[in-house]
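A quick write-up on the structure given underneath.
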Amino acid sequence: MGYLTASLQWARIGCVAILVLIFSAHVFAYEELSDDALRNIPSGAVDFDVKTGLLLSPILIPRVPGTSGSIVVQRHFVEFFEQQLPRWNIEWHSSTSKTPATGDTEVPFTNLIITRDPPWAQVGDVGRLTLVAHYDSLHRPEGFIGATDSAAPCAILMHAARSIDDALTKKWEAMEASGDAGLGLEDEKGVQILLLDGEEAWVTWTDTDSLYGSRALAESWDSELHPALSAYRTPLDSISLFLLLDLLGAPDPHIPSYFLPTHWAYQNMAKIEERMRKLHLLKSKSKNSFLPDSGKQTSQFTKAYVQDDHVPFMDRGVNVLHIIPSPFPDTWHTMDDDGEHLDIATVDDWSKIITAFAAEWMELDGFISEPPSKEKREAIRSRSEL
């Protein structure tokens, strides 16, 4: 990823006041999780162990697109969802491209699209919270791991999906039992996870040597039409918020609010962090808040942002909340970006914050149960390792 100081996107945004008015509907409908629900957000610390963690450790290998390491990690993602979260739908999106490092050789890029929608909802009628991270690693230096970039963010999304899965089932079963399902009393909402390939440049970051998977997927979804009379015209239109995680897992992260139209969503996530800290639910020893920009004023927003997988989607009008630190971690694009340099308490705190944000978005207050006991967690872990 890199910095971009000017963009036609801001010309498309046009009048900020109109956009803020449009987004205010989300703000007014948004209900916070109770303190009890926040207390029930589970820790993923054991699964983030860099040697034995069920979620993270299998990703801490080189994952260059088209290599055996990439295939191993793809299999890890698929087996996790098939075995632990079978209600989630898994789709593949594949493309190929030449790169400056491979000459005329076409490199395969494979995105995974993992979705959970209300069981009664029709294709095209569901607006989705879309949680995103890239799973590929740099081509050079050889052997580069990319723990913050972005193995840890992928593991965080897996934890979030697992943590809200039962609550989604309970909520939707309650709606079906009450007869409220599918009546149009509220917008249909689902959750979608994008694990994207080919974010990294192969030689030098340019518009064509970067974002291989996200560029191909955004282009494809822009032209894929839902059935007539659907609530959303295309899969892109179905994205209510594109929440992109990158470079997470180093201590003391500082995450700015990059975009005014989604500043309200940033503020909601910052409020979750603040409340969880007051409830002593976060364990990292960060000197400051991860998300310190809640009070940022309209006049303080600029046209500068960090280039990343959101750009092809944002250029097509998708609303983006980018959770990436500025400055970048000291280990960025070095061999030190490995498991040993992760701050696991920070990784776990991010997993709780992102899980709580997703639960709040999906209105799961009252459906989030206490985390499973240690014995049950061990039983689940044993089954997963068979």
Side-chain angles (χ1 to χ4, degrees), residues 25-45 47 55 80-81 83-89 114-122 125-131 156-193 238-241 243 264-265 268-276 278-282 321 348-377 379-380:
H26 294 282
V27 178
F28 297 145
Y30 200 93
E31 295 184 8
E32 293 183 353
L33 291 180
S34 65
D35 286 355
D36 285 342
L38 288 179
R39 292 188 182 98
N40 288 341
I41 298 295
S43 167
D47 289 332
L55 300 184
F80 169 79
F81 281 94
Q83 294 172 10
Q84 294 202 29
L85 305 175
R87 295 184 181 92
W88 294 67
N89 182 58
I114 306 160
T115 307
R116 182 136 196 234
D117 289 339
W120 60 82
Q122 299 298 312
D125 289 340
V126 183
R128 300 187 184 94
L129 172 64
T130 301
L131 309 174
I156 289 167
L157 296 187
M158 296 167 76
H159 173 82
R162 182 179 62 189
S163 300
I164 65 172
D165 185 60
D166 284 346
L168 288 171
T169 299
K170 291 175 184 177
K171 176 183 177 178
W172 291 335
E173 286 179 348
M175 292 179 66
E176 289 179 313
S178 68
D180 291 338
L183 294 181
L185 300 177
E186 60 180 52
D187 293 340
E188 306 288 15
K189 293 195 293 188
V191 184
Q192 182 171 254
I193 293 175
S238 297
I239 298 175
S240 302
L241 181 70
L243 174 53
W264 67 272
N268 288 338
M269 187 180 290
K271 182 67 175 296
I272 288 170
E273 180 195 3
E274 177 186 5
R275 292 179 62 207
M276 295 187 98
K278 288 181 178 178
L279 292 169
H280 306 290
L281 301 175
L282 304 183
L321 179 59
D348 193 35
D349 285 355
W350 275 121
S351 76
K352 294 176 184 176
I353 292 167
I354 298 301
T355 297
F357 182 88
E360 205 164 76
W361 186 282
M362 295 302 296
E363 300 176 288
L364 298 180
D365 194 39
F367 299 101
I368 299 178
S369 303
E370 291 186 21
S373 65
K374 181 179 179 182
E375 291 75 16
K376 185 174 182 180
R377 291 198 304 270
I380 294 172

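Start at 1 with the first residue, then count along the sequence.
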State whether the side chain of [X] and the backbone N or O of [Y] hold a donor-acceptor pair below 3.5 Å, judged by distance alone.
X: His159; Y: Lys352; result: no
X: Asp349; Y: Leu282; result: no
X: Glu360; Y: Leu33; result: yes

Item to check | Under-4.0 Å salt bridge between Asp36 and Arg39 | outcome: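 Arg39 and Asp36: salt-bridged.
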
Item to check | Name of the residue among Gln122, Arg128, Lys189 meeting side-chain hydrogen bond (donor to acceptor under 3.5 Å, both in side chains) with Asp117 | outcome: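 Filter result, single survivor: Arg128.
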
Shortest non-hydrogen contact from [X] toward [Y]:
X: Ser163; Y: Thr355; result: CB-CG2, 3.5 Å
X: Glu188; Y: Gly182; result: OE2-CA, 3.7 Å
X: Ser34; Y: Arg275; result: C-NH2, 3.5 Å
X: Pro119; Y: Trp172; result: CD-CE3, 3.8 Å
X: Gly44; Y: Asp348; result: N-OD1, 2.7 Å
X: Met276; Y: Ala356; result: SD-CB, 4.4 Å

Next on the checklist: If the condition is side-chain hydrogen bond (donor to acceptor under 3.5 Å, both in side chains), which residues does Ser238 pass it with, not counting sequence neighbours?
Outcome noted: none

Roughly how far, to the nearest 0.5 Å, is [atom2] of [Y] from [atom1] of [X]?
X: Met269; Y: Ile354; atom1: CE; atom2: CD1; value: 3.5 Å
X: Ile353; Y: Leu38; atom1: CD1; atom2: CG; value: 10.5 Å
X: Ser240; Y: Asp187; atom1: OG; atom2: CG; value: 8.0 Å
X: Ile164; Y: Leu129; atom1: CD1; atom2: CG; value: 7.5 Å
X: Phe81; Y: Asp165; atom1: CZ; atom2: CG; value: 9.0 Å
X: Phe357; Y: Met362; atom1: CZ; atom2: CE; value: 12.0 Å

Checklist entry - So with a 6.0 Å cut-off around NZ of Lys271, is the heavy-atom count from everything else above 12? => result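 Counting other residues, nucleotides and ligands, NZ of Lys271 stays at 12 neighbours or fewer.
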
Next on the checklist: Pair Gln192, Ile239 - check side chain to side chain contact (heavy atoms under 4.5 Å, CB included), show working.
Outcome noted: CA-CA 9 Å; Gln192 182 171 254; Ile239 298 175; 4.3 Å; yes

Checklist entry - Taking atom types as modelled, is there a side-chain donor on Thr169 or Arg116 under 3.5 Å from an acceptor on the other? => result yes

Checklist entry - Step by step, would you call Asp47 with Arg162 a side chain to side chain contact (heavy atoms under 4.5 Å, CB included)? => result CA-CA 12 Å; Asp47 289 332; Arg162 182 179 62 189; 2.7 Å; yes

Item to check | Counterpart residues, side chain to side chain contact (heavy atoms under 4.5 Å, CB included), relative to Asn89 (two or more places apart) | outcome: Glu91

Next on the checklist: Over 60° means perpendicular and under 30° means parallel, so tell me whether Trp361 and Trp264 are parallel, tilted or perpendicular.
Outcome noted: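 Aromatic pair Trp361/Trp264 classed parallel.
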
